Undergrad: 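Structure in structure tokens, see below.
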Amino acid sequence: MNYRFQNLLGAPYRGGNAIITNNTELISPVGNRVSVTDLIKSQTITLPVQSSSNITRIAASPDGVFLLTVDENHRCQFINLRQRVVLHRISFKNAVNAIKFSPDGAHIAVATGKLVQIWRSPGFKKEFFPFELVRTFADCDDKVVSLEWSPDSSYLLAGSKDLTARLFCMKKLKFGVFKKKPFMFLGHRDTVVGVFFGIDKNTNKVCNVYTVTRDCYIFSWGLSGNEGEFDGMDVTEPPSPGTPDRDGDGTVEGVGSGDIKKRKGYEGRGGNLDEEGGYLLNRKWELLRKDNFMQAQAKLTACDYHRGLNMLVVGFSNGVFGLYQMPDFVCFHLLSISREKITTAVFNELGNWLTFGCAKLGQLLVWEWKSESYILKQQGHYFDVNCLAYSPDSLLLATGADDNKVKVWTVSSGFCFITFSEHTNAITALHFMANNHSLLSASLDGTVRAWDLFRYRNFRTFTTPESRQFVSLAADQSGEVICAGTLDSFEIFVWSMKTGRLLDILSGHEGPVHGLMFSPTNAILASSSWDRTVRLWDVFDGKGAVETFSHTHDVLTVVYRPDGKQLASSTLDGQIHFWDPIDGLLMYTIEGRRDISGGRLMTDRRSAANSSSGKFFTTLCYSADGSYILAGGSSKYICMYDVADQVLLRRFQITHNLSLDGVLDFLNSKNMTDAGPLDLIDDDNSDTEEGIDKQTRGKLGYDLPGSMPNRGRPIVRTKSLRIAPTGRSFSAATTEGVLVYSIDDSFIFDPTDLDIDVTPEAVDAALNEDQLSKALILSLRLNEDSLIKKCIFTVNPIDIPAVAASIPYRYLQRLIEAFADLLESCPHLEFILRWCQELCKAHGNSIQQNFRQLLPALKSLQKAITRTHRDLADTCSSNEYMLRYLCSASSGK
């Protein structure tokens with residue numbers, strides 16, 4: 001029952017800026033969550049933390065330990081990436097358009113409205129208010145949209161919508177020397193969307209500044225003339241051992257040299273004009289060259305600069321990106337990768353990989369520019385996911401959506417490896433065949449298609465004499481018969497899987513057939529319809545409807561229990577009915593209106609408690625053992641019921657994202673005006689060329705009058721629920737994407753992650769203190785073969801189960817390799833086999849889900865066990881024959 005959120009599939013990127021940490025970890029915002037992709041292992045995880053609304057900006061600390069996320073409500077979260085927990089929270093007064101850590105990790109620059117704020121970066125220690133505002137620059141006349149730190153964290157560049165870029169000095173001067181105003185880079189004709197420092201590789205100092213504008217121009221600036229003279233003294237602060245180190249910020253009241261009292265927030269004093277900090281202070285800049293990217297009718301929407309390679313990447317609103325060598329402005333690549341606006345473009349640390357994101361289409365690409373090959377190419381469904389299907393081995397998950405596409409995902413890695421796009425209308429139902437190698441999909445385009453998962457092709461298409469819209473799909477256990485229910489003719493069509501011929505048309509329903517399922521134990525087909533009935537059909541004998549279960553309201557869906565001895569149906573009045581399909585009797589009824597209700601839409605005239613809309617279940621799913629049932633509908637909740645006792649066991653809230661409609665139970669009356677809710681009034685006056693920075697569902701209503709009463713604002717709902725055949729996880733197709741909940745711990749915190757001194761001495765110390773698990777994990781981190789074997793043999797046989805269960809999954813491969821090596825030479829055969837047995841017991845499910853990664857180690861272990869078994873068998877046979885000979889020889893005497 002202890003299901004926890006594990007991953008989010010179906011949407012790798014939805015807007016905001018993507019970043020790369022540790023050279024290979026791609027971090028991208030997905031709605032109000034954050035997705036982390038390991039580009040080496042090709043694996044995606046979603047952090048189990050949520051923001052209050054869609055995330056617009058993220059930033060990572062230079063060491064990749066901390067992550068900052070800012071959402072549409074200006075709320076910021078400070079996250080520890082290794083532990084996957086939120087450490088601190090803060091709210092800003094205005095929208096945040098850019099946020100960046102300083103290279104030394106000590107400060108955070110935040111562009112909030114017209115202001116540039118410098119905050120002290122929080123750390124691991126607990127504080128009442130860890131964010132401390134160090135400085136505020138209020139020099140800009142319009143929104144600040146881009147920030148860049150100098151390599152020594154002494155200077156900050158800010159690009160603004162007021163057509164200027166400004167150079168701020170972080171160091172302060174003392175003794176009556178007034179604060180210098182920031183240097184202004186002028187001459188731009190559009191918003192400055194990118195500002196970058198160019199570095200002299202010999203001195204590692206700033207020598208150039210590049211400013212990139214939205215109208216596709218880049219300005220190159222260089223230092224002019226000699227360094228200006230400074231009229232003050234080069235003063236250093238006297239030593240003050242009792243004073244806490246404030247990084248020279250000078251914003252805290254205290255006594256300075258000469259007993260001069262500093263005022264709080266007194267800016268324009270402080271710091272040293274040493275070689276690192278003051279070399280740009282009195283220098284003048286001149287425009288060296290101005291270049292055009294030559295993209296007519298397009299706007300520049302994303303850019304990034306790599307200091308080491310001196311290269312610039314830019315993305316445009318027409319889906320084209322360019323790669324340029326600076327300062328000579330030499331174009332290396334100019335390619336089109338999308339039909340829509342590129343919303344993020346970023347280098348990795350080495351500069352060999354480029355990351356691009358297109359928010360409208362949900363595309364995320366990582367491209368190696370030297371070999372011109374893709375490292376990552378993912379695209380989510382850019383309309384709602386309608387249906388799900390697990391493969392029989394639970395390793396694959398298929399999704400179908402309103403964008404006419406069928407995608408197949410690997411559950412363990414979170415990656416989509418094939419997309420089928422032959423359908424011409426929305427996908428409404430999916431079904432995996434029992435052989436695990438083929439997939440069926442039904443669509444509103446009037447076809448049911450069969451897909452080959454070996455050759456990735458459509459090998460069979462089932463159609464009807466007259467075009468029909470299919471909304472449900474089922475196949476019998478043998479895979480010989482395919483059935484599909486229709487929306488418009490209220491019929492069920494039956495085809496042969498082998499020949500593709502239409503075998504039969506089952507008539508009798510008087511409403512759309514939205515539920516269809518074969519019994520797991522026999523060839524009886526159950527169908528549910530809006531005509532308030534569930535019918536059972538004997539498809540093979542051709543007897544038609546053999547049983548009809550009548551309801552008082554429209555039936556929305558029907559499912560069989562895995563043993564075939566119970567049938568569950570959901571009706572429009574919010575009830576779940578449980579039937580005995582053999583005797584035709586009603587067994588139980590669950591009243592679920594109160595459980596599923598929750599959330600008030602912006603357009604609702606009644607409160608959530610008094611509203612009747614959405615208080616019913618549109619999708620049901622039995623657990624693998626049939627003891628409980630999952631139910632979801634047009635609500636923010638998924639309900640889990642115990643079938644035998646008809647009680648609510650648990651409610652899962654699928655999201656806390658306030659950007660969606662229907663999450664809040666009570667709306668703020670302050671937001672209601674004479675013209676309607678404030679959120680639904682379109683007062684956005686941004687330029688049309690700027691396009692959209694986040695994924696929208698504006699076309700879902702097909703532009704019909706009255707089809708979008710809430711301006712296309714997505715409504716939280718669950719369209720499909722499926723439990724994996726193993727029963728250890730379930731997936732929900734929601735407005736946010738496909739949420740995967742699992743019993744398994746996808747993340748086991750490794751305490752050695754926080755230890756700096758992972759040394760052989762630390763391993764010996766742990767062994768002396770009898771901390772066997774810690775010693776083994778430390779030795780696996782060190783990857784020292786002798787230490788690993790030493791720790792293995794130190795464990796008592798009685799302690800093996802506990803130690804094996806405490807090993808994090810990431811070290812399994814190395815441990816299995818050590819066992820395979822030991823079996824070749826070690827005489828302690830039973831001891832090693834006991835270890836292997838306990839390891840399989842503790843991590844069997846993880847090994848099965850990730851068998852592709854562990855396959856080489858498992859094969860070497862199997863090879864060692866087989867060789868040992870063969871040698872033992874030969875020895876035993878030889879001894880047996882020798883004993884027989886000796887016995888017969890002694891009896892002969």
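Side chains included, hydrogens not; waters and symmetry mates left out as well; all remaining heavy atoms used. Here the structure is a predicted model, which is why all the values come from computation and not from measurement.
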Undergrad: Any chance you could measure N22, atom CG, to N348, atom CG, to the nearest 0.5 Å?
TA: 11.5 Å

Undergrad: Kindly say whether T24 contributes a backbone atom to a donor-acceptor pair with the side chain of W353 at under 3.5 angstrom?
TA: no

Undergrad: Less than 4.5 Å apart, any side-chain heavy atom of L323 and any of F347?
TA: yes

Undergrad: Would you say the side chain of C76 lies within less than 4.5 Å of the side chain of V96, judging by non-hydrogen atoms?
TA: no

Undergrad: Mind listing the closest non-hydrogen atom pair of M184 and T164 along with its distance?
TA: CE-CG2, 4.0 Å

Undergrad: Tell me which one of F321, W367, Y374 satisfies ring-ring contact (aromatic ring centres under 6.0 Å, His included) with F356.
TA: F321

Undergrad: Step by step, work out the side-chain contact (heavy atoms from CB on, under 4.5 Å) result for Q379 and L361.
TA: CA-CA 7 Å; Q379 179 175 357; L361 300 180; 3.8 Å; yes

Undergrad: Between Q50 and N32, does any side-chain donor sit less than 3.5 Å from a side-chain acceptor?
TA: yes

Undergrad: Looking at side-chain heavy atoms only, is the closest gap between I27 and L81 below 4.5 Å?
TA: yes

Undergrad: C169 and F137: which non-hydrogen atoms are nearest, and at how many Å?
TA: O-CZ, 4.0 Å

Undergrad: Search all heavy atoms of I55 against all heavy atoms of V34 and return the closest pair with its distance.
TA: CD1-CG2, 3.6 Å

Undergrad: Hey, are the side chains of W221 and N208 touching, using non-hydrogen atoms and a 4.5 Å cut-off?
TA: no

Undergrad: Check whether any side-chain heavy atom of F219 sits under 4.5 Å from a side-chain heavy atom of V192, and report yes or no.
TA: no

Undergrad: Just by distance, do the side chain of N204 and the backbone of I199 share a donor-acceptor pair under 3.5 Å?
TA: no

Undergrad: Knowing that exactly one of S53, S52, S659 qualifies, which makes a side-chain hydrogen bond (donor to acceptor under 3.5 Å, both in side chains) with E72?
TA: S659

Undergrad: Compare every heavy atom of V30 with every heavy atom of A11, then report the nearest pair and how far apart it is.
TA: O-CG1, 2.9 Å

Undergrad: Does NZ or CZ of R33 fall inside the cone over F5's six-membered ring, less than 6.0 Å from its centre and within 45° of the axis?
TA: yes

Undergrad: Return yes if some donor-acceptor pair links the side-chain N/O of S35 with the main-chain N/O of T44 below 3.5 Å, else return no.
TA: no

Undergrad: Between S102 (side chain) and H107 (backbone), is there a donor-acceptor pair under 3.5 Å?
TA: yes

Undergrad: Do you know which two heavy atoms are closest between V193 and C303, and how far apart they sit?
TA: O-SG, 4.0 Å

Undergrad: Check whether any side-chain heavy atom of D71 sits under 4.5 Å from a side-chain heavy atom of L658, and report yes or no.
TA: no

Undergrad: Can you tell if the side chain of I218 reaches within under 4.5 Å of the side chain of F196, non-hydrogen atoms only?
TA: no

Undergrad: When rounded to the nearest 0.5 angstrom, what is the spacing between CD1 in I99 and OG1 in T112?
TA: 9.5 Å

Undergrad: Kindly compute the distance separating CG (N352) from CE (M311), expressed to the nearest 0.5 Å.
TA: 10.5 Å

Undergrad: Does one side chain, of Y13 or T343, offer a donor that lies under 3.5 Å from an acceptor on the other?
TA: yes

Undergrad: Measure the spacing between CZ of R89 and OG of S51 and express it to the nearest 0.5 Å.
TA: 8.5 Å

Undergrad: Do the side chain of N73 and the main chain of R75 share a donor and acceptor less than 3.5 angstrom apart?
TA: no

Undergrad: So, S160 side chain and K143 main chain: donor-acceptor pair closer than 3.5 Å or not?
TA: yes

Undergrad: Between the main-chain N or O of E349 and the side-chain N or O of H306, is there a donor-acceptor pair closer than 3.5 Å?
TA: yes

Undergrad: Looking at K377, I want to see if its NZ is surrounded by more than 12 non-hydrogen atoms of other residues, nucleotides or ligands under 6.0 Å.
TA: no

Undergrad: Can a side-chain donor-acceptor contact be found between N7 and T46 if the only test is distance below 3.5 angstrom?
TA: yes

Undergrad: Could you tell me which residues satisfy side chain to side chain donor-acceptor pair (under 3.5 Å) with W119, sequence neighbours excluded, listed by chain and number?
TA: Q117

Undergrad: To the closest 0.5 Å, what do you measure between OG1 (T56) and CD1 (I58)?
TA: 10.0 Å

Undergrad: Please report the C-alpha distance between L67 and I19 in whole Å, then the side-chain angles of each, then the deciding distance to 0.1 Å, and finally whether the side-chain contact (heavy atoms from CB on, under 4.5 Å) criterion is met.
TA: CA-CA 10 Å; L67 179 73; I19 56 176; 3.9 Å; yes

Undergrad: Step through the shown structure and confirm whether more than 12 heavy atoms of other residues, nucleotides or ligands are within 6.0 Å of CZ on R289.
TA: yes

Undergrad: Does E372, at its CD atom, have more than 12 non-hydrogen atoms belonging to other residues, nucleotides or ligands within less than 6.0 Å?
TA: yes

Undergrad: Does D328 reach the main-chain N or O of V330 with its side chain, forming a donor-acceptor pair under 3.5 Å?
TA: no

Undergrad: Can you tell me how far apart OG1 (T69) and CD (Q77) are? Round to the nearest 0.5 Å.
TA: 4.5 Å

Undergrad: Looking only at atom types and distance, does a side-chain atom of N310 sit under 3.5 Å from a main-chain N or O of M326, one as donor and one as acceptor?
TA: yes

Undergrad: Would you check if L376 and F415 make a side-chain contact, meaning some heavy-atom pair closer than 4.5 Å?
TA: yes

Undergrad: In sequence, state the C-alpha distance, the side-chain angles, and the governing distance for W369 and V313, and then conclude on side-chain contact (heavy atoms from CB on, under 4.5 Å).
TA: CA-CA 11 Å; W369 62 271; V313 61; over 6 Å; no

Undergrad: If the threshold is 4.0 Å, N to carboxylate O, is there a salt bridge linking R214 and D190?
TA: yes

Undergrad: Please check: side-chain N/O of D38 versus main-chain N/O of K41, any donor-acceptor pairing under 3.5 Å?
TA: yes

Undergrad: In sequence, state the C-alpha distance, the side-chain angles, and the governing distance for L26 and L364, and then conclude on side-chain contact (heavy atoms from CB on, under 4.5 Å).
TA: CA-CA 10 Å; L26 173 62; L364 198 59; 3.6 Å; yes

Undergrad: For the rings on F293 and F329, is their centre-to-centre separation under 6.0 Å?
TA: yes

Undergrad: What heavy-atom pair brings N318 and A298 nearest, and what distance separates the two atoms?
TA: ND2-CB, 3.7 Å

Undergrad: Taking the six-membered ring where the residue is Trp, are the ring centres of F185 and W285 under 6.0 Å apart?
TA: yes

